[in-house]
Amino acid sequence: MLAPALRTGYLVGIGDYGVMGVALNGLTYWSGVWATVIMLMALAVTPAVTIFRWPALIDVRRMIGVSALVYTLAHIVIYFAFRRWDFTYIVNDMTTRLTLIIATLSTIGLIALGATSVDAAIRYMGAQNWQRLHTTNYVISGLAILHVVLARGTYTEQYMLTGVFFWVMACRVLARYGLGANVKALTLLAVASCLVAAFLEAGFLWGRRGFDVLETLGYNLTLSILDVGYPPAWQVLAFGLLAALGAAGRKAFSLRAASLQAQQQAQEA
């Protein structure tokens with residue numbers, strides 16, 4: 001949770017972001033990206049528990065969620081500083097630009113979740129009402145992703161984060177049907193998430209820059225692209241395949257443990 005802040009502080013310190021006016025522009029963008037990444041990490045806890053059969057991960061989900069709120073608030077403060085604390089301009093921006101309207105709604109929801117994340121809130125609201133409120137985290141996270149996607153310009157993080165969000169949400173659907181740790185299902189989901197990122201990038205580059213959709217898809221979905229970089233689609237594919245590989249390894253470990261237990265029981269008998 002501290003790594004992005006420490007890394008950003010170091011890069012600012014060595015002048016990697018440039019002078020302050022330019023630095024605030026870059027910091028506004030990257031603080032938002034890291035806030036979204038940590039929000040996705042909170043969503044990824046449940047699939048990770050299912051895939052790795054590691055229920056102790058649930059204990060850190062609240063900490064990750066609160067960290068996402070802290071990064072989001074830092075993102076807002078940096079944005080205010082970037083706009084020179086001109087609240088007339090800021091309010092106008094936040095009420096006329098769709099991406100900022102969505103960001104405001106997402107932030108309000110995240111603050112509500114953070115304010116009710118303490119045990120006292122659970123006791124006051126009741127477990128059922130508390131759970132109902134915190135289920136809105138899916139909508140709040142979706143709004144945060146939409147804010148990133150609708151941001152001005154075209155950036156690889158927009159497509160990569162969207163692909164990962166698709167994965168963590170679709171993984172929940174698989175879990176409902178008992179396929180949350182199924183290696184084949186997770187492999188297919190990795191491919192589907194990769195295609196979501198690829199088509200989103202191709203669509204946005206066509207809509208905003210006029211690039212040919214088929215050419216963009218062909219360029220990003222060929223192995224030759226890996227010689228010069230790692231497009232968002234390939235990053236999402238790697239993420240999904242690592243999860244599938246983890247599920248395969250956990251299944252093999254469980255089968256091996258069951259076999260050894262059976263052998264031990266047979267020897268004792």
Side-chain angles (χ1 to χ4, degrees), residues 4 29-30 32-52 64 68 137-139 141-151 153-252:
Y29 172 74
W30 281 107
V33 168
W34 282 117
T36 309
V37 167
I38 296 175
M39 194 177 297
L40 289 176
M41 288 176 63
L43 288 178
V45 168
T46 298
V49 169
T50 303
I51 292 170
F52 299 106
I64 298 174
N137 183 41
Y138 305 140
V139 177
S141 300
L143 290 174
I145 291 294
L146 189 57
H147 166 60
V148 173
V149 170
L150 294 178
T154 53
Y155 308 100
T156 58
E157 292 78 20
Q158 293 171 305
Y159 321 120
M160 184 269 289
L161 293 175
T162 303
V164 173
F165 177 71
F166 175 84
W167 185 94
V168 296
M169 298 307 296
C171 200
R172 285 169 162 76
V173 177
L174 292 179
R176 286 192 176 186
Y177 293 95
L179 298 172
N182 183 280
V183 178
K184 183 178 180 180
L186 289 173
T187 301
L188 291 175
L189 177 57
V191 174
S193 302
C194 163
L195 293 175
V196 167
F199 276 94
L200 182 67
E201 181 177 17
F204 264 70
L205 288 178
W206 169 75
R208 292 184 171 180
R209 297 189 180 182
F211 291 3
D212 184 84
V213 172
L214 294 180
E215 284 187 8
T216 302
L217 287 174
Y219 182 67
N220 284 337
L221 294 178
T222 57
L223 292 175
S224 60
I225 187 64
L226 300 180
D227 293 332
V228 295
Y230 305 98
W234 286 93
Q235 294 179 39
V236 174
L237 179 65
F239 171 81
L241 291 179
L242 281 175
L245 183 63
R250 188 65 183 86
K251 182 178 180 180

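- With sequence neighbours excluded, the residues satisfying side-chain hydrogen bond (donor to acceptor under 3.5 Å, both in side chains) with Glu157 are Tyr29.
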request  = Take Val148 and Val33, measure what side chain to side chain contact (heavy atoms under 4.5 Å, CB included) needs, and give me the verdict at the end.
outcome  = CA-CA 8 Å; Val148 173; Val33 168; 5.6 Å; no

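- At least one side-chain heavy atom of Cys171 sits under 4.5 Å from a side-chain heavy atom of Leu186.
- Summarising the geometry of Leu241 relative to Ala190, their closest heavy-atom pair is N-CB, 3.7 Å, with the distance given to 0.1 Å.
- In terms of heavy-atom proximity, Gly180 sits nearest to Ile51 at O-CG1, 3.5 Å.
- Residues satisfying the side chain to side chain contact (heavy atoms under 4.5 Å, CB included) test with Ala185, not counting sequence neighbours, are Leu174, Leu179, Asn182.
- Residues that satisfy the ring-ring contact (aromatic ring centres under 6.0 Å, His included) test with Phe199, not counting sequence neighbours, are absent from this structure.
- Taking every heavy atom of both residues into account, Gly163 and Ala197 meet most closely at CA-CB, 4.4 Å.
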Hey, can you pull the donor-acceptor pairs under 3.5 Å for the side chains in residues 36-46, sequence neighbours left out?
residue	atom	partner	partner atom	Å
Thr36	OG1	Gly32	O	2.8
Thr46	OG1	Arg61	NH1	2.9

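- When the ring-ring contact (aromatic ring centres under 6.0 Å, His included) test is applied to Phe211, no partner is found at least two apart in sequence or on another chain.
- Arg176 places no side-chain N or O within 3.5 Å of a backbone atom of Arg172 that could act as its donor or acceptor partner.
- Sorted pairs that involve residues 184-199 and meet side-chain hydrogen bond (donor to acceptor under 3.5 Å, both in side chains), not counting sequence neighbours, are lacking altogether.
- Every pair passing side-chain hydrogen bond (donor to acceptor under 3.5 Å, both in side chains) that includes a residue from residues 205-215 is listed here, sequence neighbours excluded: Thr154-Arg209.
- Scored by the side chain to side chain contact (heavy atoms under 4.5 Å, CB included) test, Val173 finds Tyr177 as partners (sequence neighbours excluded).
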key: Worked check of side chain to side chain contact (heavy atoms under 4.5 Å, CB included) between Thr162 and Phe166   = CA-CA 6 Å; Thr162 303; Phe166 175 84; 5.8 Å; no

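- Residues forming a side chain to side chain contact (heavy atoms under 4.5 Å, CB included) with Ala151 (at least two apart in sequence, or on another chain): Gln158.
- The ring pair (Phe, Tyr, Trp, His ring centres under 6.0 Å) contacts involving residues 215-251 comprise Trp167-Phe239, where partners must be two or more places apart or lie in separate chains.
- In this structure Thr222 satisfies the side chain to side chain contact (heavy atoms under 4.5 Å, CB included) test together with Ser224, Ile225, sequence neighbours excluded.
- In this structure, the separation between OG1 on Thr216 and CG on Leu221 is 10.0 Å, given to the nearest 0.5 Å.
- Rounded to the nearest 0.5 angstrom, Ser141 OG and Leu161 CG are separated by 11.5 Å.
- Considering CD1 of Ile145 and CG of Leu150, their distance stands at 11.5 Å, rounded to 0.5 Å.
- Within the 4.5 Å cutoff, the side chain of His147 has no heavy atoms near those of the Leu143 side chain.
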